[in-house]
Amino acid sequence: MKPHLIKKFLKDKKIDFYLFTNNDLHLNESPNLDLKDIYRLFKFDCTRGYILFFIDKYVFFTDSRYTLAAKKFFKNKCEIYNLSETTIVDYLIMQKRKLTGILDSKLISIREFREINLKLEKSNINIQLKPESFFKKNYYPNFNISYSLSMPKYLIPRPFYSNLKKIKSNIKTEGILIWNNSHVAYLLNLRSFELWNSTKPFAGLFIPKKNIKPILITKNSKLKKIIKIKNNFNIFAEQKFIKFLKSEKFKNIESSYEFLNMNMYMQLSKFLNLFDTKINISRYLGIKTSKEIQNIESCHIEDGLAVLKFIIDLKSKIINPKNEYEISEYLYNKRKEGINFFRNSFDYISAFDSNAAIVHYKPNPKKSLSSKNRNILLIDSGAHYLEGTTDVTRVINIGAKNFSKIKHSYTYLLKSLIKIENNIFQKSIKSSEIDSFIRNYLSKFKISYSHGTGHGVGNFSDVHERYPIISSTSKDTLTNNNLFSIEPGHYVEGHFGLRIENLYVTKIINNSLKLKNITLVPYDLSLIDLKLITNFEKKYIKKYHQKIYKILFPRLNNFYRDYFVKNLINKI
């Protein structure tokens, strides 16, 4: 895909702009790079991004996690906007003229397109949906590298037939089309490896209300080799599935407008009514079973062991990585030693000093900061284990001496986590209230951050689940056995970035809600300003470290044990 060809296309067709998203067919948060149009255009990677491509310019939109990185990458080549301040709709309306644009209908959800289009139509701005990109594009990952598996019975939270029965009992039409492939993975206890850093199959699922076989919608022939799929499901590619619905004279089905792309909607709407479902599968996934919680906690032992050894090796200079990228590779290799480790859950954020202020900074093998004369390292990392998925962020002192501002902010970030772990919340509290609780406390000390406070975490699945989202705009309500991150931060552009992230499980006890920290990774005591913490907080940190030590003790040799006691217990 070449920018000059896009300009030529727009000029020849007399179209004002092309709106590029960074999605794939299933609207995944982080598709493979070769499926991301923005990456293919400019080699800039982000989870959420859009480009308005005009004949004479292009305009990039992203959220606060990527604005600083985008400014460094694009420099002065394009306009860059933070979506929380200026949306695509805002920008187009500001042009104050009639405009016509195009958009790939396969790469945007029904809900998002309708929200955008409703506002633009009022301003005489028209976006045409195209079922195919005008340039050569592959919409599917490489299935030759796929490895598909059915989850072992002892690890599944609920049998697949129970999941199907649960969904079927709530269908209000003739069937439900599930297009979010993390939902498909969970409901069928199915995992597959064709998406980078992911464990979900590139597939949709149709569950009919009547008593006929459900349909797995995919081009991945390897899924047919799984016996339960072969015996209990029809397996159709998209066009065959659409023909099936038409031939069987389905008239009314439902799907989530949040997750289904516009192209599928337009094809189905030619012969049936497609309603926005009321079935909240994200919430169903987000309320973990006791078996899931047990499994997830066990994988955190493996993860804690790997990250602990990494931290000690780095601090004691057993390893001397040359740059940020080598650091991330060392931690990855440590994790690979763990029992039932499968793969990273995302590309690690390994950032020194000022790079840590770039919230989603990703080190490049060829371009990353040298380890020489650095002060702090922020490392945000996670993994997929057969038992669950992890996500943890720690800041490590690797040479800082005069760093009172860093210690001040780090200490209060840590205090905010201790405060939330010891607070008793009302039952069914809104997740936005957790967000406010953290932000209101930190604001007293002039500490703030522009990203969300936390996100749901999957079960050997997406590291970012849609439920619950811990943010100021979230409408989610917390209940028993939710699993999510809490990750407050503080970023000073050009100087440093700090973030501490743990995973928490909600527990309802006596009609009150508590947060249980299941992460087993110690904090860097040299970054704590002891003058700012109370005796209770000192004891609390020490107790947390002692808990980690007790759990990991059998797996540590004498060197790691001695280091832990001397530097992570006795110094607090």
Side-chain angles (χ1 to χ4, degrees), residues 303-335 347-382 391-414 417 487-502 519-530 532 541 545 548 556 559-560 562-572:
D303 207 60
L305 183 68
V307 181
L308 172 66
K309 287 182 176 180
F310 157 77
I311 290 172
I312 293 176
D313 288 354
L314 187 66
K315 296 275 282 185
S316 58
K317 300 192 184 301
I318 288 176
I319 56 169
N320 291 289
K322 295 177 183 178
N323 52 42
E324 294 161 320
Y325 181 78
E326 282 195 9
I327 285 176
S328 65
E329 283 294 287
Y330 183 84
L331 178 51
Y332 168 56
N333 286 319
K334 272 293 177 192
R335 277 196 169 103
D347 291 331
Y348 295 176
I349 299 166
S350 172
F352 291 134
D353 301 334
S354 60
N355 275 351
I358 304 170
V359 179
H360 271 217
Y361 172 80
K362 185 169 71 174
N364 186 296
K366 296 179 181 178
K367 293 181 181 179
S368 66
L369 283 180
S370 163
S371 300
K372 291 183 179 179
N373 302 318
R374 301 300 170 192
N375 295 309
I376 59 168
L377 168 74
L378 183 152
I379 186 147
D380 186 344
S381 66
D391 188 3
V392 57
T393 306
R394 288 295 183 263
V395 182
I396 304 167
N397 179 3
I398 54 171
K401 292 182 175 62
N402 299 315
F403 54 105
S404 57
K405 289 183 179 179
I406 292 173
K407 288 182 77 169
H408 175 273
S409 297
Y410 180 89
T411 303
Y412 280 112
L413 290 176
L414 180 53
L417 294 179
E487 45 187 299
H490 186 52
Y491 311 93
V492 180
E493 185 176 346
H495 296 281
F496 65 86
L498 305 172
R499 183 166 64 256
I500 307 175
E501 176 185 20
N502 296 324
T519 298
L520 296 173
V521 179
Y523 306 114
D524 192 326
L525 300 182
S526 70
L527 292 174
I528 299 172
D529 187 338
L530 296 176
L532 300 177
I541 296 167
H545 282 196
I548 296 170
L556 298 173
F559 169 75
Y560 290 116
D562 292 344
Y563 184 97
F564 199 118
V565 172
K566 180 181 178 182
N567 296 284
L568 297 170
I569 294 177
N570 290 347
K571 286 190 176 181
I572 187 68

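In what follows, every heavy atom counts, from backbone to side chain, and hydrogens, waters and symmetry copies are set aside.
- Note that the CG atom of D303 and the CZ atom of R335 stand 4.0 Å from one another [nearest 0.5 Å].
- Residues satisfying the side chain to side chain contact (heavy atoms under 4.5 Å, CB included) test with S316, not counting sequence neighbours, are I312, I318, F559, Y563.
- The minimum heavy-atom distance between E501 and D391, with the atom names listed, is OE2-OD2, 2.8 Å.
- Here the closest heavy-atom approach between residue I500 and residue Y523 is recorded as CG2-CE2, 3.7 Å.
- Note that the CG atom of L308 and the CD1 atom of I548 stand 7.5 Å from one another [nearest 0.5 Å].
- Looking at every heavy atom in both residues, P522 comes nearest to I311 through O-CD1, 4.5 Å.
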Before you tell me yes or no, could you show the steps for D524 and R394 under salt bridge (Lys or Arg N to Asp or Glu O under 4.0 Å), namely the whole-Å CA-CA distance, both residues' side-chain angles and the distance that decides it to 0.1 Å? CA-CA 8 Å; D524 192 326; R394 288 295 183 263; over 6 Å; no

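- A cation-pi contact, defined as under 6.0 Å to the ring centre and within 45° of the axis, is absent between K407 and Y410.
- For the pair S354 and F496, the minimum side-chain heavy-atom distance is 4.5 Å or more.
- When side chains are defined from C-beta on, L378 does not count as touching F352, because their heavy atoms never get closer than 4.5 Å.
- Within the 4.5 Å cutoff, the side chain of R374 has heavy atoms near those of the L369 side chain.
- Here the straight-line distance linking atom CZ of R499 with atom NE2 of H490 works out to 13.5 Å at 0.5 Å rounding.
- Looking only at distances, no side-chain donor or acceptor of E329 sits under 3.5 Å from a matching main-chain atom of Y325.
- Among residues two or more places apart in sequence or in another chain, the ring pair (Phe, Tyr, Trp, His ring centres under 6.0 Å) test is passed with Y412 by H408, F445.
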Show your reasoning for whether side-chain contact (heavy atoms from CB on, under 4.5 Å) applies to L377 and V395. CA-CA 6 Å; L377 168 74; V395 182; over 6 Å; no

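- With values rounded to the nearest 0.5 angstrom, S328 atom OG is found 12.0 Å from D380 atom CG.
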Worked verdict on L498 versus L527 for side-chain contact (heavy atoms from CB on, under 4.5 Å): CA-CA 11 Å; L498 305 172; L527 292 174; 5.9 Å; no

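- Side-chain atoms of S371 come within 3.5 Å of backbone atoms of P321 as a donor-acceptor pair (strictly under, hydrogens ignored).
- For F310, there are no ring pair (Phe, Tyr, Trp, His ring centres under 6.0 Å) partners two or more places apart in sequence or in a different chain.
- Side-chain contact between S368 and Y361: present, with at least one pair of heavy atoms (C-beta onward) separated by less than 4.5 Å.
- Applying the 6.0 Å contact sphere to CG of N373 captures no more than 12 heavy atoms from other residues, nucleotides or ligands.
- Note: N355 CG to I358 CD1 = 4.5 Å, rounded to the nearest 0.5 Å.
- Two residues are said to be in side-chain contact when any heavy atoms from C-beta on lie closer than 4.5 Å; I396 and I376 fail this criterion.
- Side-chain contact between S381 and I349: absent, with no pair of heavy atoms (C-beta onward) separated by less than 4.5 Å.
- The shortest non-hydrogen separation linking A356 to Y491 is O-CD2, 3.5 Å.
- Using a distance-only test at 3.5 Å, with no hydrogens or angles considered, no donor-acceptor pair links the side chain of T519 to the main chain of V521.
- Checked by atom type and distance alone, the side chain of T411 pairs as donor or acceptor with a backbone atom of D529 at under 3.5 Å.
- A351 approaches E324 most closely through the heavy-atom pair CA-OE2, 3.5 Å.
- There is a side-chain donor-acceptor pair under 3.5 Å between S526 and N397.
- Between V307 and L331 the shortest side-chain heavy-atom distance falls below 4.5 Å.
- Rounded to the nearest 0.5 Å, atoms NZ (K315) and CG (L568) are 8.5 Å apart.
- Side-chain contact check for D313 versus Y330: some heavy-atom pair is nearer than 4.5 Å.
- Between the side chain of H545 and the backbone N or O of I569, no donor-acceptor pair lies under 3.5 Å.
- Between K566 and K571, the shortest heavy-atom contact is O-CG, 3.4 Å.
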